[in-house]
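Structure, as structure tokens:
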Amino acid sequence: MPIKALAFDLYGTILDTNSIAPHLPVPEEHRAAVAAAWRKHQLEYTWRLTIMGQYLPFEDITRRALRNAVHECGLPELGSTRDVLDQYRRLEAFADACPAITELNTQGNVDVYVFSNGHESVVAAALNHVGLTGVEVVSVNTMRTYKPALEVYRGLCMALGLDPQEVALVSGNAFDIVGADAVGIQTVWVDREGRGWKDGLGYPAHTVTGLGELKELVAHMNRDR
């Protein structure tokens, strides 16, 4: 079956979660560590909630993960977190993301979606901030569980009305790739840093070093089908 839809992960694929670091209200020498710990706990909380069969909104998880990250780095508790959480809704995009996605979306050979743990309204605002408009959002919010639960990938295919083999997930997160692959979705791992695949639970069908390679890759994938 040809690829009819590309579903892009948001955080870590389109948006650079490390771009929050300069905006953190902590001493400059701790900002990179806090940003990394924040992302780590954000993901960990989603996984733990999924295992427990519980659900919290992603923004609530993000707020709680920030508090954990600050404590982990040995820093005093933040006062108000409103400003930094507002800034998290305005993360910067990777340089290759918007041009590549815009070209794919306007080219019309495949349908383009953003598939995210974030709420639809938050994701739409984040995309608007980086100038990426006209892309439909599919959120796990309607499924009330988080990646990489298999039901969210099945839910994605149902939302698109497509067979898993007609969908390609594009993600820079290994857990996302492995989850999508488990239900038969085609996978494209984004390895911008060129570190190579390390995950022991599965493999991506394809690897790119930047989103600018996708146009040619999709054409190649569909020629071979």
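All heavy atoms count here, side chains included; hydrogens, waters and symmetry mates do not. Numbers for residues simply follow the sequence, beginning at 1.
In this model, a donor atom of one side chain and an acceptor atom of the other lie less than 3.5 Å apart for T209 and E213. A side-chain donor-acceptor contact under 3.5 Å links N141 and Y55.
In terms of heavy-atom proximity, A159 sits nearest to V138 at CB-CG1, 4.3 Å. Smallest separation of non-hydrogen atoms from G12 and T17: N-CG2, 4.1 Å. A pairwise comparison of heavy atoms in P76 and V70 identifies O-CG1, 3.3 Å as the closest pair. For the pair A5 and L160, the tightest heavy-atom approach, listed with the atom from each and the gap, is CB-CD1, 4.0 Å. V167 and C157 get closest at one heavy-atom pair: CG2-SG, 4.3 Å. Residues A126 and L15 share a closest heavy-atom pair of CB-CD1, 3.9 Å.
Considering CE of M143 and CD of E151, their distance stands at 9.5 Å, rounded to 0.5 Å. Here the CG-CE distance, from L156 to M158, works out to 11.0 Å after rounding to the nearest 0.5 Å. Remark: H119 NE2 to S139 OG distance equals 6.5 Å, nearest 0.5 Å. Annotation: the span from L56 atom CG to L49 atom CG amounts to 5.0 Å, rounded to 0.5 Å. Here the OG1-NE2 distance, from T187 to H206, works out to 7.0 Å after rounding to the nearest 0.5 Å. Taking CG of L10 as the start and CG of N117 as the end, the distance is 9.5 Å to the nearest 0.5 Å.
In terms of modelled atom types and a separation under 3.5 Å, the side chain of W38 and the main chain of R67 share no donor-acceptor contact. The backbone N or O of E72 lies less than 3.5 Å from no partner atom in the side chain of N68, so there is not a single donor-acceptor pair.
In the hydrophobic cluster analysis, where Ile, Leu, Val, Met, Phe, Trp and Tyr join through side-chain heavy atoms closer than 4.5 angstrom, V114 is grouped together with V130. Note on L127: it clusters hydrophobically with L214, by side-chain heavy-atom contacts below 4.5 Å among ILVMFWY residues. In this structure, L150 is a member of the same hydrophobic cluster as I185, with clusters built from ILVMFWY side-chain heavy atoms closer than 4.5 Å. The cluster map of Ile, Leu, Val, Met, Phe, Trp and Tyr, joined by side-chain heavy atoms under 4.5 Å apart, puts V137 and F58 in the same cluster. One hydrophobic cluster, built from ILVMFWY side chains closer than 4.5 Å, holds both Y146 and M52.
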Please report the C-alpha distance between K4 and D111 in whole Å, then the side-chain angles of each, then the deciding distance to 0.1 Å, and finally whether the side chain to side chain contact (heavy atoms under 4.5 Å, CB included) criterion is met. CA-CA 6 Å; K4 295 182 179 179; D111 293 328; 5.6 Å; no
Any chance you could lay out the side chain to side chain contact (heavy atoms under 4.5 Å, CB included) test for L66 and Y88, step after step, and finish with the verdict? CA-CA 11 Å; L66 172 59; Y88 202 87; over 6 Å; no
Begin from the C-alpha positions of L78 and V26 and carry the test side chain to side chain contact (heavy atoms under 4.5 Å, CB included) through to its verdict. CA-CA 8 Å; L78 301 178; V26 299; 4.0 Å; yes
For E44 and R48, run salt bridge (Lys or Arg N to Asp or Glu O under 4.0 Å): C-alpha distance rounded to whole Å, both residues' side-chain angles, the deciding distance at 0.1 Å, then the answer. CA-CA 6 Å; E44 180 186 305; R48 287 165 55 188; 3.0 Å; yes
With side chain to side chain contact (heavy atoms under 4.5 Å, CB included) as the test, would you mind laying out the steps for R64 and H41 before giving the verdict? CA-CA 9 Å; R64 296 180 187 217; H41 289 299; over 6 Å; no
Determine all donor-acceptor pairs shorter than 3.5 Å in which one atom belongs to a side chain in residues 171-178; sequence neighbours excluded.
residue: S171; atom: OG; partner: N173; partner atom: N; Å: 3.0
residue: S171; atom: OG; partner: D176; partner atom: OD2; Å: 3.0
residue: N173; atom: ND2; partner: D9; partner atom: OD2; Å: 2.9
residue: N173; atom: ND2; partner: Y11; partner atom: O; Å: 3.1
residue: D176; atom: OD1; partner: Y153; partner atom: OH; Å: 2.7
residue: D176; atom: OD2; partner: K147; partner atom: NZ; Å: 3.1

Under 3.5 Å, which donor-acceptor pairs do the side chains of residues 91-105 form with other protein atoms, sequence neighbours left out?
residue: E92; atom: OE2; partner: H129; partner atom: NE2; Å: 3.4
residue: D96; atom: OD1; partner: R192; partner atom: NE; Å: 3.1
residue: D96; atom: OD1; partner: R192; partner atom: NH2; Å: 3.0
residue: D96; atom: OD2; partner: R192; partner atom: NE; Å: 3.4
residue: D96; atom: OD2; partner: R192; partner atom: NH2; Å: 3.4
residue: D96; atom: OD2; partner: L211; partner atom: N; Å: 2.6
residue: T102; atom: OG1; partner: C98; partner atom: O; Å: 2.8
residue: E103; atom: OE2; partner: K215; partner atom: NZ; Å: 3.0
residue: N105; atom: ND2; partner: G134; partner atom: O; Å: 3.1

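Taking a cutoff of 4.0 Å between a charged side-chain nitrogen and a carboxylate oxygen, R82 and D86 do not qualify as a salt bridge.
Inter-residue side-chain proximity for E59 and R89 is flagged as met; some heavy-atom pair is nearer than 4.5 Å. Within the 4.5 Å cutoff, no side-chain heavy atoms of Q186 are placed close to those of L169. No side-chain heavy atom of T207 sits under 4.5 Å from any side-chain heavy atom of V188.
Within the structure, salt bridge (Lys or Arg N to Asp or Glu O under 4.0 Å) pairs that include any residue of residues 25-37 do not occur (at least two apart or interchain). Listed by first then second residue, pairs satisfying salt bridge (Lys or Arg N to Asp or Glu O under 4.0 Å) with a partner in residues 126-144 number zero, not counting sequence neighbours.
With sequence neighbours left out, the side-chain contact (heavy atoms from CB on, under 4.5 Å) criterion links Y203 to W197. With sequence neighbours excluded, no residue forms a ring pair (Phe, Tyr, Trp, His ring centres under 6.0 Å) with Y113.
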